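One structure below.
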Amino acid sequence: MKDIVILGTGGCGRELQWLLEDNNLAAPPEEQWNILGFVEPKAYKGETVNGLPVLPDEWLFRQEGLHVACGLGESGLRKRVITKLLAKNPTLRYPVLISRRAHVSPRVEMGRGCIVCAGAVVTCNIRMEEFVTINLGSVVTHDTVIGPFTQVNPSTNISGQVQIGAEVQIGTGVKIIPKVRIGDRAVLGAGTVVIRDIPEGCTAVGCPARIVK
């Protein structure tokens, strides 16, 4: 059994707790995770969430070689927190976590800290750079590339040969047609249907997508 902590006590962090607990049910003892608790910047003494203690940042800075799962659902926040941790404690380890209820091809490359949640389907010849999250029930298809720290929210459909940049925030129920490019730090609102390229730093909403910021 391996020790691990979860960054964040929000919804994504608590769903990540469930992912780990559910995977433990089907894993041999040596592959199971022992969840030590959640980590928040400010933790009150004795505070618990879902039966687990809430631990402060300072505690995590002192842990040697501990596994860390990032349960932060906002891509920019995730990058800021992970960048701080990498500087404060480079010994921390960030495993790839795939729900046993997801379908992921062996022909998928994933960087450290990637997470694939229950019900997701990730097909073939796909590259996900570090700290990408594919949330519940989303589909990512062939030859797609997803940049670091990108968040794909539930029930999103990403077609083949899509190029997604770094720190992109993809809302619930987004649909992206083949061969589209999404620039770094773009935001796609819930239900957006993307049929053409989205420049970096832009926010797009609607069907078809239109840039609003």
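These figures come from a predicted structure and were not determined experimentally. Basis for what follows: all heavy atoms, side chains included, without hydrogens, waters or symmetry-related copies.
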What do the steps show when you test Val168 against Gln151 for side-chain contact (heavy atoms from CB on, under 4.5 Å), and what is the final call?
CA-CA 6 Å; Val168 175; Gln151 171 80 8; over 6 Å; no
Taking it one step at a time, do Ser159 and Ile176 satisfy side-chain contact (heavy atoms from CB on, under 4.5 Å)?
CA-CA 6 Å; Ser159 299; Ile176 304 175; 5.8 Å; no
Under a 3.5 Å distance rule, please check whether Glu47 uses its side chain to pair with a backbone N or O of Leu55 as donor and acceptor.
no
Given side chains that start at C-beta, do those of Met110 and Val104 come closer than 4.5 Å, heavy atoms only?
yes
Val194 side chain reached by Ile177 side chain, heavy atoms, under 4.5 Å
no
Scan side-chain atoms only and decide if Asn135 and Thr133 contain a donor-acceptor pair under the 3.5 Å cut-off.
no
For the side chain of Glu40 and the backbone of Lys42, is there at least one donor-acceptor N/O pair under 3.5 Å apart?
no
Does any non-hydrogen side-chain atom of Ile35 lie less than 4.5 Å from one of Val5?
no
Contact check, side chains of Val81 and Leu72, non-hydrogen atoms, under 4.5 Å
yes
With side chains defined as the heavy atoms from C-beta onward, is the minimum distance between Leu85 and Leu7 less than 4.5 Å?
yes
Applying side-chain hydrogen bond (donor to acceptor under 3.5 Å, both in side chains), which residue pairs with at least one partner in residues 79-88 are found, sequence neighbours left out?
Lys79-Glu167
Could you pull out all residues at least two apart from Lys179 that satisfy side chain to side chain contact (heavy atoms under 4.5 Å, CB included)?
Gln161
Linking I/L/V/M/F/W/Y whenever their side-chain heavy atoms sit closer than 4.5 Å, directly or via other members, would Ile195 and Ile211 fall into one cluster?
no
Does the pair Ile158 and Thr141 meet the rule for a side-chain contact (heavy atoms from CB on, under 4.5 Å), with working shown?
CA-CA 6 Å; Ile158 300 173; Thr141 59; 5.8 Å; no
Could you check Arg14 against Val49 for side-chain contact (heavy atoms from CB on, under 4.5 Å), going step by step and ending with a plain yes or no?
CA-CA 8 Å; Arg14 287 176 275 122; Val49 171; 3.8 Å; yes
Around Arg100, counting heavy atoms of other residues, nucleotides and ligands shown, do more than 12 lie under 6.0 Å from its CZ?
yes
Using modelled atom types only, decide if a donor and an acceptor are shared between the side chain of Asp184 and the backbone of Glu200 within a distance under 3.5 Å.
no
Check whether any side-chain heavy atom of Ile134 lies under 4.5 Å from a side-chain heavy atom of Ile115, and answer yes or no.
no
Test salt bridge (Lys or Arg N to Asp or Glu O under 4.0 Å) on Arg127 and Glu129 and set out the steps.
CA-CA 6 Å; Arg127 186 172 83 249; Glu129 299 186 25; 3.7 Å; yes
Asn89 side-chain N/O to Leu60 backbone N/O, donor-acceptor pair under 3.5 Å
yes
Phe131 and Thr150, any side-chain heavy atoms less than 4.5 Å apart:
no
How about Trp59 and Leu36: do any of their side-chain heavy atoms sit closer than 4.5 Å?
yes
Pairwise side-chain hydrogen bond (donor to acceptor under 3.5 Å, both in side chains) hits with a residue in residues 28-37, at least two apart
Asp3-Asn34
